[in-house]
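Whatever order the structure lists ligands and atoms in, that order sets their numbers, starting from 1.
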Amino acid sequence: EKEIPIPQPPETFLLGNLPDVDPVFSIGSIWKLKPIYGDIFKLNLKGNVIFISSRDLVDEVCNEDRFEKFVSGPLKEVRALTGDGLFTAHQYEPAWGIAHRTLMPVFGPIAIRKMFPQMLDISSQMILNWDRLGPDHVIDSADDFTRLAFDTIAFCACSYRFNSFLTPDPPTFATQMAEVLVEAGKRAMRPNIENNLRVWSAKETESKIKDMWKLGDDLVAERRAHPQPENSDLLNTMLYQKDPLTGHMMTDENIRFNLTTFLVAGHETTSGTLAFMWYLLLKDPEKLHKAQKEVDEVLGDNAIELKHLSQLKYVEACIRETLRVQSPIGALAMHAKEETLLAGKYRVKSNEKIQVNVRDLHRDRKVWGDDADDFRPERLLNGGWEALPRNAWKPFGNGARACIGRALAEQEMLIATALMLQRFQVEMADPSYDLQHKSTLTIKPDHFGFKVRRRPGKD
Ligand code: HEM
């Protein structure tokens, strides 16, 4: 086949394609350009970025011999906060390998079971809180699922309680983090000249970052001063385990970066997924009913236990299907290790960013059929999940750089959803609400509220 150029919208003098992209909700602009320019197109956003949207192209780029994660743009801006922590580390930084090998065992599905009591503790606070507020109270999904995910990851990672269900406002740490992430996204979409002129917002961001680091540093100092040898949280692993390959320990600075990373990576995605799932279920009462029926069959009126989780097959499919149609992660950033031809005809250089457009990948009609846009958990049951082509479903990223917190997030979401379905009849606060998106580093529903009413006989 002959080499052909990658389609690209016309560029603007000096600004390239920056004007084609909304600085606040940039992925939304990509969703709009995709139907016009196709499964592969490029934009000059302070350097070429190639967007790919089909399973076949993504499958090729997931080959780790030829491609790897690329930390640039917004992700590179987030390094101001999370440095060489797992999420924002360059592949070549030794700290990534050390932390990855030290932490992988404690993030595995079996190890995560130990966190069941902590997760149940936080989920139960959410349920109790809603019960007390009563059936007329409008629950802001983004707020309360953020509280849930934030408190859970902090409790599981370092036995720290934010206690955010006890206060009307979210923890300062959470607010500051959201602001820093929004600013990182904007910086990546602004011309460098403009960034250099914005001295004030840079100073403000720096002081927020220092505040956030202090929390991690204080926790490390406290644990070193008062060791808790019996504790199996992630902080103990980071402080006392050696990398099995090199024998190195994680440095205090890298532990701080990873604690901050877990709080960043661990709460937005999980809370966004839960909010999207409840939106999708409430828009489709038949599926909501099926999920509730399953919970009634598995749990009945009993207190939830670890053994129930693996029986909640329909709820699990609802979570997976949500991650497909409304993935909270908009894009995965990769680059070719060496200059290469994509699909045998599109030349990509090693310094060009390739972005997997997750939403359109997950709606590739060749894989998912004509109802690819519909929320239909059934498609993932009865062998549907096992039959998926390789690399068709990528909400947790790829290969060595895939999400380390996947098992943790899945268990947490199952527990929270099961408790909600067991206890409440959930209703849309505004039945005419239609999905709107907002984004910081991740995508969430905007202004989506619901109400909960105690189911008769469930006390
Ligand atoms: C990486 C998604 C929950 C920690 C990633 C990546 C994705 C992802 C797509 C790859 C990013 C990239 O390629 O640049 C999700 C989703 C979640 C979730 C959809 C929930 C539904 C969590 C949780 C944690 C976590 C609960 C808690 C610690 C991380 C870390 C990385 C990561 C540390 C970087 C891994 C590495 O590169 O070594 N996640 N995540 N995530 N996630 Fe998650």
Colleague: Under 4.0 Å from any heavy atom of Ile153, which atoms of ligand 1 are there?
Modeller: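 The atoms of ligand 1 under 4.0 Å from a heavy atom of Ile153 are 27 (C), 28 (C).
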Colleague: Can you see whether Asp121 engages Gln125 through a side-chain donor-acceptor pair at a distance of less than 3.5 angstrom?
Modeller: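 Yes, because at least one side-chain N or O of Asp121 sits under 3.5 Å from a partner of the opposite role on Gln125.
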Colleague: Considering only non-hydrogen protein atoms, determine which one is nearest to atom 10 (C) of ligand 1 and report residue, atom name and distance to 0.1 Å.
Modeller: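 Result: Arg401 O, 3.6 Å.
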Colleague: May I ask you to say whether Glu316 pairs ionically with Arg320, meaning some side-chain N is under 4.0 Å from a carboxylate O?
Modeller: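 Between Arg320 and Glu316 there is a salt bridge, with a charged N closer than 4.0 Å to a carboxylate O.
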Colleague: Between Arg147 (side chain only) and Ser164 (backbone N and O only), is there a donor and an acceptor less than 3.5 Å apart?
Modeller: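 Yes; at least one donor-acceptor contact below 3.5 Å.
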Colleague: So which heavy atom in the protein is nearest atom 2 (C) of ligand 1, and how far is it from that ligand atom?
Modeller: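 So the nearest neighbour among protein heavy atoms is Pro395 O, 3.4 Å.
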Colleague: For ligand 1, which atoms sit closer than 4.0 Å to a heavy atom of Phe262?
Modeller: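 Listed by number with element, the hits are 28 (C).
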Colleague: Just the protein N/O/S atoms under 2.8 Å from atom 43 (Fe) of ligand 1, please, no waters.
Modeller: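 Result, waters dropped: Cys403 SG.
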Colleague: Can you see which heavy atom on Asp211 is nearest to which on Gln176, and at what distance?
Modeller: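 Minimum heavy-atom separation between Asp211 and Gln176: OD2-NE2, 3.0 Å.
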Colleague: Heavy-atom contacts with Thr273 under 4.0 Å: which atoms of ligand 1 show up? List them by number with element.
Modeller: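 So the atoms of ligand 1 that pass are 21 (C).
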Colleague: Over all heavy atoms of both residues, which pair between Met334 and Val356 is shortest? Give the atoms and the distance, please.
Modeller: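 Looking at all heavy atoms of both residues, the closest pair is CE-CG2, 4.3 Å.
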Colleague: Pull out every atom of ligand 1 sitting under 4.0 Å from any heavy atom of Trp96, numbered as shown with elements.
Modeller: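 Heavy-atom distances to Trp96 below 4.0 Å select 36 (C), 37 (O), 38 (O).
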Colleague: Can you tell me if Ala402 has a non-hydrogen atom under 4.0 Å from ligand 1?
Modeller: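 Per 4.0 Å heavy-atom rule, Ala402 contacts ligand 1.
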Colleague: Any salt bridge between Arg376 and Glu321, counting N to O under 4.0 Å?
Modeller: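 Judged by the 4.0 Å cut-off on N to carboxylate O distance, Arg376 and Glu321 do not form a salt bridge.
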Colleague: So for ligand 1, is Lys69 a polar contact partner (N or O within less than 3.5 Å, distance only)?
Modeller: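 Looking only at distances, the answer is yes, because the N/O contact criterion of under 3.5 Å is met.
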Colleague: Any atom of ligand 1 sitting under 4.0 Å from a heavy atom of Met413?
Modeller: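 So Met413 counts as touching ligand 1.
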Colleague: Okay, side chain of Ser327, backbone of Arg324: is any donor-acceptor separation there less than 3.5 Å?
Modeller: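 Such a contact is absent between Ser327 side chain and Arg324 backbone.
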Colleague: Please state whether Ala333 comes within less than 4.0 angstrom of ligand 1, counting heavy atoms only.
Modeller: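 It does not; every heavy atom stays at 4.0 Å or beyond.
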Colleague: Hey, can you tell me if Phe150 and His267 have their rings parallel, tilted or perpendicular (30° and 60° cut-offs)?
Modeller: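 Ring orientation, 0 to 90° scale: perpendicular.
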Colleague: Could you list the atoms of ligand 1 found under 4.0 angstrom from a heavy atom of Leu332?
Modeller: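 Every atom of ligand 1 under 4.0 Å from some heavy atom of Leu332: 9 (C), 13 (O).
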Colleague: Taking both backbone and side-chain atoms of Lys394, is any N or O found less than 3.5 Å from an N or O belonging to ligand 1?
Modeller: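 Among all N and O atoms of Lys394, none is under 3.5 Å from an N or O of ligand 1.
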Colleague: Which residue is it: Glu352, Glu68, Lys69? I am looking for the one with a side-chain hydrogen bond (donor to acceptor under 3.5 Å, both in side chains) to His335.
Modeller: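 Going through the options one by one, the only one that passes is Glu68.
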Colleague: Is the Phe450-Tyr433 ring centre distance short of 6.0 angstrom?
Modeller: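 Distance test on ring centres: not under 6.0 Å, no.
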Colleague: Polar contacts were defined as any N/O atom of the residue lying under 3.5 Å from an N/O atom of the ligand; does this apply to Thr270 and ligand 1?
Modeller: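 No, there is no polar N/O contact under 3.5 Å.
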Colleague: Any salt bridge between Asp233 and Arg223, counting N to O under 4.0 Å?
Modeller: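 Salt bridge flag = yes for Arg223 with Asp233.
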Colleague: Taking the six-membered ring where the residue is Trp, are the ring centres of His437 and Phe276 under 6.0 Å apart?
Modeller: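 Judged by ring-centre distance (under 6.0 Å), His437 and Phe276 do meet the cut-off.
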Colleague: Between Leu86 and ligand 1, which residue portion shows a heavy-atom distance shorter than 4.0 Å: side chain, backbone, both, or neither?
Modeller: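 Leu86 to ligand 1: contacts from backbone and side chain alike.
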Colleague: By number and element, which atoms of ligand 1 are closer than 4.0 Å to a non-hydrogen atom of Phe107?
Modeller: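 In order of numbering, the contacting atoms are 28 (C).
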Colleague: Does a donor on one side chain sit under 3.5 Å from an acceptor on the other, for Tyr37 and Gln8?
Modeller: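 Side chains of Tyr37 and Gln8: no pair found under 3.5 Å.
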